[in-house]
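These numbers were taken from a predicted model, which means no experiment stands behind them. Scope of the values below: all heavy atoms of this structure, side chains included, with no hydrogens, waters or symmetry mates.
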Amino acid sequence: MTSKAERRFRANLLEWGEENRREYPWRELNRTLYEVFVAEFFLTQTPADNVAAVYPVFLERFPTLDAIAEASEDELVEVIEPLGFQNMRAGALKQIASAHDRLPTGPEPLMELPRVGRYVANATFCFARGDRLPILDRNVERVYSRVFRDAWPEAEADQLTFTQRLMPDKARPYNLALLDFGALVCQTEPLCEQCFANEYCVYYQESTRRS
DNA sequence: AAGCCGGGGAA
DNA sequence: TTCCCAGGCTT
């Protein structure tokens, strides 16, 4: 069942996203699966602006999995060093490129690659192809747990179901908006005065009742 | 489910 | 220097 607040949130978020979407090179239309994967792989635990600085350099030097397979791990480390986690990441990319000519074409097999979890797998296929897959990171969890509080489940599997159910058919713009909203408005220190959800957000309702 | 890991950034 | 963090990984 979809509650009234859930329907409002979905509509409001989509509308907010149209005007507030952040532009990044990996969000351009017609990016290949590989190009989107590279971005999502780097975006974990790394600020988007850092990734944006390295992204074009990386794609220029390593335009395909094959280019990674042919390079040494040290060359890889050199390029991605500004991102941090360079050894872990270079090792995983080498492993991936030496085992595969091309990326698997679904989230489940993609998740079997080293250092690729649910978040990267779903984000890659949602953003590269528009697949209707739930994405769940700390931003998304913070947003939903504030807006819906008790309706937001504890267990990760249930959270995935919840986000899946809330997602409209236009999954790509919705999920992009969700990430941007978590980053720009519903931050750790939330900017409730400029938020569209004030009328039904449980967190906001509670915080105003107190004061 | 809970804790661990490697490492960046803030305190 | 310590603490906190955010994913993935391990158990």
Side-chain angles (χ1 to χ4, degrees), chain A residues 22 24 26-27 33-55 57-58 65 68 72-100 103-104 106-128 131 133-164 167 171-172 174-191 203:
Chain A
R22 295 176 295 175
Y24 288 111
W26 51 87
R27 292 182 172 189
L33 190 66
Y34 171 76
E35 289 167 343
V36 174
F37 168 75
V38 164
E40 294 303 331
F41 186 80
F42 289 148
L43 281 167
T44 62
Q45 296 156 293
T46 306
D49 290 344
N50 293 8
V51 177
V54 168
Y55 191 66
V57 182
F58 184 92
L65 274 186
I68 295 177
S72 74
E73 200 164 315
D74 286 347
E75 291 176 274
L76 226 28
V77 168
E78 201 175 318
V79 174
I80 68 180
E81 189 274 334
L83 300 177
F85 301 99
Q86 59 277 146
N87 297 313
M88 244 173 34
R89 283 163 159 167
L93 287 174
K94 278 298 288 181
Q95 265 186 261
I96 291 168
S98 33
H100 302 269
L103 292 171
E108 302 304 329
L110 194 69
M111 270 181 72
E112 313 204 348
L113 307 185
R115 310 297 315 171
V116 179
R118 175 62 68 192
Y119 172 81
V120 170
N122 283 8
T124 296
F125 283 99
C126 178
F127 297 146
D131 288 5
L133 295 164
I135 51 161
L136 191 49
D137 69 353
R138 293 302 206 261
N139 287 294
V140 174
E141 178 170 20
R142 190 175 57 251
V143 170
Y144 282 143
S145 66
R146 279 187 182 144
V147 176
F148 301 114
R149 185 66 61 90
D150 292 343
W152 177 245
E154 301 264 312
E156 191 201 324
D158 298 333
Q159 294 176 346
L160 283 167
T161 309
F162 185 101
T163 63
Q164 175 90 48
M167 223 185 330
R172 186 179 189 273
Y174 180 85
N175 282 336
L176 289 173
L178 198 51
L179 292 177
D180 289 347
F181 177 67
L184 299 176
V185 180
C186 199
Q187 320 169 350
T188 309
E189 249 352 280
L191 307 177
Y203 175 89

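Heavy-atom contacts of chain A under 4.0 Å fall on DNA chain C between two terminal nucleotides, which in 5' to 3' order are C:dA6 to C:dC9.
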I'd like a table of donor-acceptor pairs (distance under 3.5 Å, sequence neighbours excluded) in which one partner is a side-chain atom from residues 76-84 of chain A, with atom names and distances.
none

Under 3.5 Å, which protein N or O atoms sit close to an N or O of nucleotides 1-11 of chain B? Give each pair with its distance.
unit_1: B:dG6; atom_1: N2; unit_2: A:Q45; atom_2: NE2; d: 2.4

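Remark: A:E156 CD is loosely packed, at most 12 non-hydrogen atoms of other residues, nucleotides or ligands lying under 6.0 Å away.
A:D49 is listed as a side-chain neighbour of A:Y24, based on a closest heavy-atom distance under 4.5 Å.
The shortest heavy-atom contact between A:E154 and A:Q159 is O-NE2, 3.3 Å. Nearest heavy atoms, A:Q187 versus A:L184: NE2-O, 2.9 Å.
For the residue pair A:R138 and A:T188, no side-chain donor N or O sits within less than 3.5 Å of a side-chain acceptor on the partner.
Evaluated for a side-chain contact (heavy atoms from CB on, under 4.5 Å) with A:V120, the options A:F125, A:F42, A:F37 yield exactly one hit, A:F37.
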